[in-house]
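Accompanying notes for the structure given below.
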2 protein chains.
Amino acid sequence: MQSKPTTIKEIARLLNISPSSVSRGLHDHPSIGAVTREKIKQLAKSLNYEPNNAAILFQKGKTYTIGVILPELSEHFFSTAISAIEDEALKKNYTVIFAQSHDDYDQEVKLVEKMKNQRVDGLLVSISKDTSKFDHFEKLNSFNIPVVFFDRIPPLKNVHYVACSLESATVKAINYLLKKGHRSIGMINGPTTLFASDERKDGYMQAITFNRLKFDPSLIVNCDLTEKGTIEAANQFLNHKRKPTAIVAFNDYVALFLIKYFKKINVVNDFDIVSYANLPIISYIDHSPVASVEQYPYLQGQKAANILLDLMNSPNSENQAFYNTIVESDLIVNEGKD
Amino acid sequence: MQSKPTTIKEIARLLNISPSSVSRGLHDHPSIGAVTREKIKQLAKSLNYEPNNAAILFQKGKTYTIGVILPELSEHFFSTAISAIEDEALKKNYTVIFAQSHDDYDQEVKLVEKMKNQRVDGLLVSISKDTSKFDHFEKLNSFNIPVVFFDRIPPLKNVHYVACSLESATVKAINYLLKKGHRSIGMINGPTTLFASDERKDGYMQAITFNRLKFDPSLIVNCDLTEKGTIEAANQFLNHKRKPTAIVAFNDYVALFLIKYFKKINVVNDFDIVSYANLPIISYIDHSPVASVEQYPYLQGQKAANILLDLMNSPNSENQAFYNTIVESDLIVNEGKD
DNA sequence: CGAAATTAATCAAACGTTTGCGTTGTTTTT
DNA sequence: AAAAACAACGCAAACGTTTGATTAATTTCG
């Protein structure tokens with residue numbers, strides 16, 4: 001009743017050869033004769049032999065595991081990204097373990113420590129909102145655990161990362177709105193502490209100045225990304241001397257709050273809204289954004305995973321080169337709204 | 001530069017005692033004296049000793065890993081559930097690995113096999129849509145790997161599971177609609193192969209007959225859950241001799257398709273819609289469902305994980321008792337729509 | 001005071017696999 | 001025909017930790 005998994009020893013015993021020969025036979029080592037090799041393989045197959053991973057990991061001192069730390073799994077962006085990571089890892093026979101920081105710095109520090117103790121071979125990280133120190137990652141260097149950051153990356157030079165250029169995407173978004181005839185464009189930006197806020201702002205300014213228009217700083221409002229904050233920001237626009245006719249929202253949640261509020265006060269048709277995609281079904285709502293910045297979470301996850309797999313399997317000599325991959329984001333125009 | 005993790009052997013060498021004493025000391029084994037124990041612990045701490053997990057797993061023949069197989073991580077329900085699973089596992093120092101079947105039977109079979117080979121200590125499964133055979137799970141019995149199904153459970157008696165009682169929830173939904181005055185209620189149900197379809201149908205019938213109303217089978221339409229299928233189902237209702245005034249949609253996606261279609265043909269105000277929750281933001285759309293059946297994914301994940309942890313740590317004697325946990329689902333009435 | 005019980009530690013095996021090195025025979029080279 | 005090369009396999013150690021059995025030293029008790 002109680003099946004024990006087949007082992008190499010068992011196969012060796014049945015075949016009257018040594019375990020080492022079985023091991024070599026299974027790995028097509030040249031020093032094992034063809035006939036023996038086939039006998040080994042056939043018996044292994046018929047006994048449903050599967051290598052005991054724990055034993056291999058232990059003996060090789062590797063875990064064939066990559067850790068993923070991200071802020072919030074239930075966010076569509078991250079669940080998509082981790083899905084990609086898992087797919088890539090599976091191809092190379094790596095296992096993925098993950099943990100959520102819930103956007104908490106202390107939690108993130110703990111998780112990094114835990115991942116290190118779990119002896120992950122490498123780490124993929126999307127940093128939490130309120131992480132501004134990065135010592136906890138540097139410790140991993142001495143243990144030779146490579147780290148690749150994705151999407152939410154730290155403002156450091158000497159790290160590997162994959163991210164989206166929100167700046168160029170924002171330029172595209174503003175250009176699109178300008179081409180539609182808008183001359184006063186508001187932006188509900190995130191907290192100033194976020195790198196992503198800088199990128200949006202820079203993109204905004206770049207597009208405005210490139211088109212030889214006057215940049216009005218009061219058209220960019222920082223916001224804590226809550227519903228309340230969004231409404232406050234919206235009110236600033238409504239009372240603005242140059243009331244904008246289009247608004248770039250920090251993300252789909254903000255866009256959602258905005259649309260809800262605008263509907264309530266019956267001004268929803270006065271604005272074109274552009275947002276940064278993270279809710280798959282936003283296009284289903286009425287008066288949904290006219291365009292969205294697509295950040296390709298699957299692609300980002302894929303690239304980050306592949307870079308990490310690369311780093312883990314290369315000698316640690318080439319420490320000077322850092323992978324800095326930018327995934328181009330695209331402006332997706334919402335059809336039927338144009 | 002290149003740090004090697006501290007080992008028990010190293011500690012033993014430095015303290016001039018045997019590795020076994022160190023191991024016992026760290027585990028508060030009574031046969032180690034208090035002074036020695038403290039010396040061991042202090043040195044271990046100062047050297048940042050962390051047990052080599054791979055070695056422990058190997059030697060114990062356990063992996064302290066629970067596997068999760070689910071259809072689609074990007075669905076909000078599942079990402080929430082796995083988030084709960086991870087939280088529970090972490091508490092007991094278990095690691096979670098997961099994989100997606102993408103609702104494909106063959107893939108699911110492969111994943112079960114893979115999880116078995118990875119030597120997971122237990123498995124949590126939400127079965128794929130087109131799984132109707134369950135041999136691949138039974139094989140796990142002989143390897144003493146407990147399985148707990150959650151949400152999408154197989155129609156078997158001798159399995160552990162956690163699920164939502166969609167039947168009673170459906171009763172609540174129908175009762176709610178009846179109380180609102182509806183007398184002809186349509187239901188867009190899923191494929192007949194799904195257990196979840198049976199439950200909805202049973203709940204519908206139960207509520208109708210309990211209220212001494214006549215049950216009209218043509219008011220329940222099976223549907224493949226695609227947009228096209230939803231529209232076809234909707235058309236059946238529109239042409240029905242007793243055109244319903246309320247419709248119960250199989251899930252939020254179906255509700256979404258339905259609302260979109262009804263809006264297009266300008267009949268959206270003719271219907272009250274009730275749905276089963278899986279999209280967190282559905283309440284933001286116009287003409288959103290008047291009520292939703294909440295299935296508490298976090299709670300389900302939590303319970304399933306705890307049952308599994310229980311099973312893994314109990315002797316395999318009590319094989320007769322099966323955990324059959326039903327999480328009561330609630331009808332959430334969409335405020336402001338009532 | 002000697003036997004038994006208790007305390008505190010050690011020994012050695014085990015878990016399954018890999019791998020450097022050694023040992024056979026057999027074949028090829030000069 | 002002796003030396004060199006090669007083919008095919010076995011031996012044994014190693015990875016870090018746990019644990020049953022054992023030993024040695026000390027204490028307790030009748």
Side-chain angles (χ1 to χ4, degrees), chain A residues 2-41 43-44 47-65 93 116-121 143-144, chain B residues 2-41 43-44 47-65 93 116-121 143-144:
Chain A
Q2 186 77 297
S3 320
K4 286 278 169 216
T6 312
T7 69
I8 279 192
K9 285 186 177 180
E10 177 74 3
I11 296 176
R13 198 179 54 78
L14 292 173
L15 252 40
N16 264 322
I17 57 180
S18 76
S20 47
S21 296
V22 176
S23 174
R24 289 192 236 262
L26 291 171
H27 290 91
D28 293 319
H29 192 281
S31 85
I32 299 298
V35 280
T36 317
R37 176 170 18 95
E38 287 315 310
K39 270 200 294 184
I40 292 170
K41 289 195 175 180
L43 184 58
L47 291 180
N48 275 319
Y49 168 74
E50 289 290 342
N52 180 329
N53 241 291
I56 296 174
L57 304 186
F58 166 55
Q59 114 76 34
K60 294 219 167 188
K62 287 185 60 176
T63 56
Y64 288 96
T65 297
N93 252 298
K116 193 204 77 194
N117 296 342
Q118 292 252 8
R119 311 280 206 275
V120 295
D121 289 343
F143 286 92
N144 230 26
Chain B
Q2 185 78 296
S3 322
K4 285 280 169 216
T6 312
T7 69
I8 278 191
K9 286 186 177 180
E10 177 75 2
I11 297 176
R13 197 178 55 77
L14 292 172
L15 251 40
N16 264 323
I17 57 179
S18 76
S20 47
S21 296
V22 176
S23 173
R24 289 191 161 100
L26 291 171
H27 290 89
D28 292 319
H29 192 281
S31 86
I32 298 297
V35 280
T36 317
R37 175 166 24 90
E38 288 316 310
K39 270 201 292 184
I40 292 170
K41 289 194 176 181
L43 184 57
L47 291 180
N48 274 320
Y49 169 74
E50 288 292 340
N52 180 329
N53 240 295
I56 295 174
L57 304 185
F58 166 56
Q59 115 75 32
K60 292 221 170 187
K62 287 185 63 176
T63 56
Y64 290 93
T65 296
N93 252 298
K116 195 204 72 194
N117 296 341
Q118 292 252 9
R119 310 284 204 276
V120 294
D121 289 342
F143 286 92
N144 230 25

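Every value quoted in this text rests on a predicted model; they were computed, and no experiment measured them. Protein chains get the first letters and strands the later ones, always in sequence-line order, with residue 1 at the start of each.
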Examine [N]: is either OP1 or OP2 under 4.0 Å from a nitrogen or oxygen in the side chain of [X]? Give yes or no.
X	N	answer
S21(B)	dT10(C)	yes
T36(B)	dA9(C)	yes
S23(A)	dT18(C)	yes
Y49(A)	dG16(C)	no
K9(A)	dC15(C)	yes

Has F58(A) got its ring stacked on dT17(C), by the test of a centre gap below 5.5 Å and a plane angle below 30°?
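By the stated criterion, F58(A) and dT17(C) do not stack.
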When you measure from the side chain of [X], which nucleotide among [options] comes out closest?
X	options	answer
S18(B)	dG10(D), dT17(D), dT10(C)	dT10(C)
I17(A)	dT17(C), dG16(D), dG10(D)	dG10(D)
Q59(A)	dT18(C), dT17(D), dC21(C)	dT18(C)

Go nucleotide by nucleotide along DNA chain C from the 5' end; which of I8(A) and G33(B) gets its closest nucleotide reached first?
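Counting from the 5' end, the first nearest nucleotide belongs to G33(B).
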How do P19(A) and S31(B) order along DNA chain C: which one's closest nucleotide is nearer the 5' end?
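Final value for this comparison: S31(B).
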Tell me whether the side-chain N or O atoms of R24(B) pair up with the base of dG20(D) as donor and acceptor below 3.5 Å, since no angle test is needed here.
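When only heavy-atom distances are counted, R24(B) does reach the base of dG20(D) through a donor-acceptor pair under 3.5 Å.
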Across the strands shown, which category fits [X] at heavy-atom distances under 4.0 angstrom: base, sugar-phosphate, nothing?
X	result
S20(A)	base
N53(B)	nothing
G61(A)	nothing

Please check if the side chain of H27(B) supplies one atom and the backbone of H29(B) the other of a donor-acceptor pair under 3.5 Å.
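Not at all, since once roles are kept as given, no pair shorter than 3.5 Å links the two residues.
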With rounding to the nearest 0.5 angstrom, report the NZ to CG distance, K41(B) to L26(B).
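Atom-to-atom, K41(B):NZ and L26(B):CG are 7.5 Å apart.
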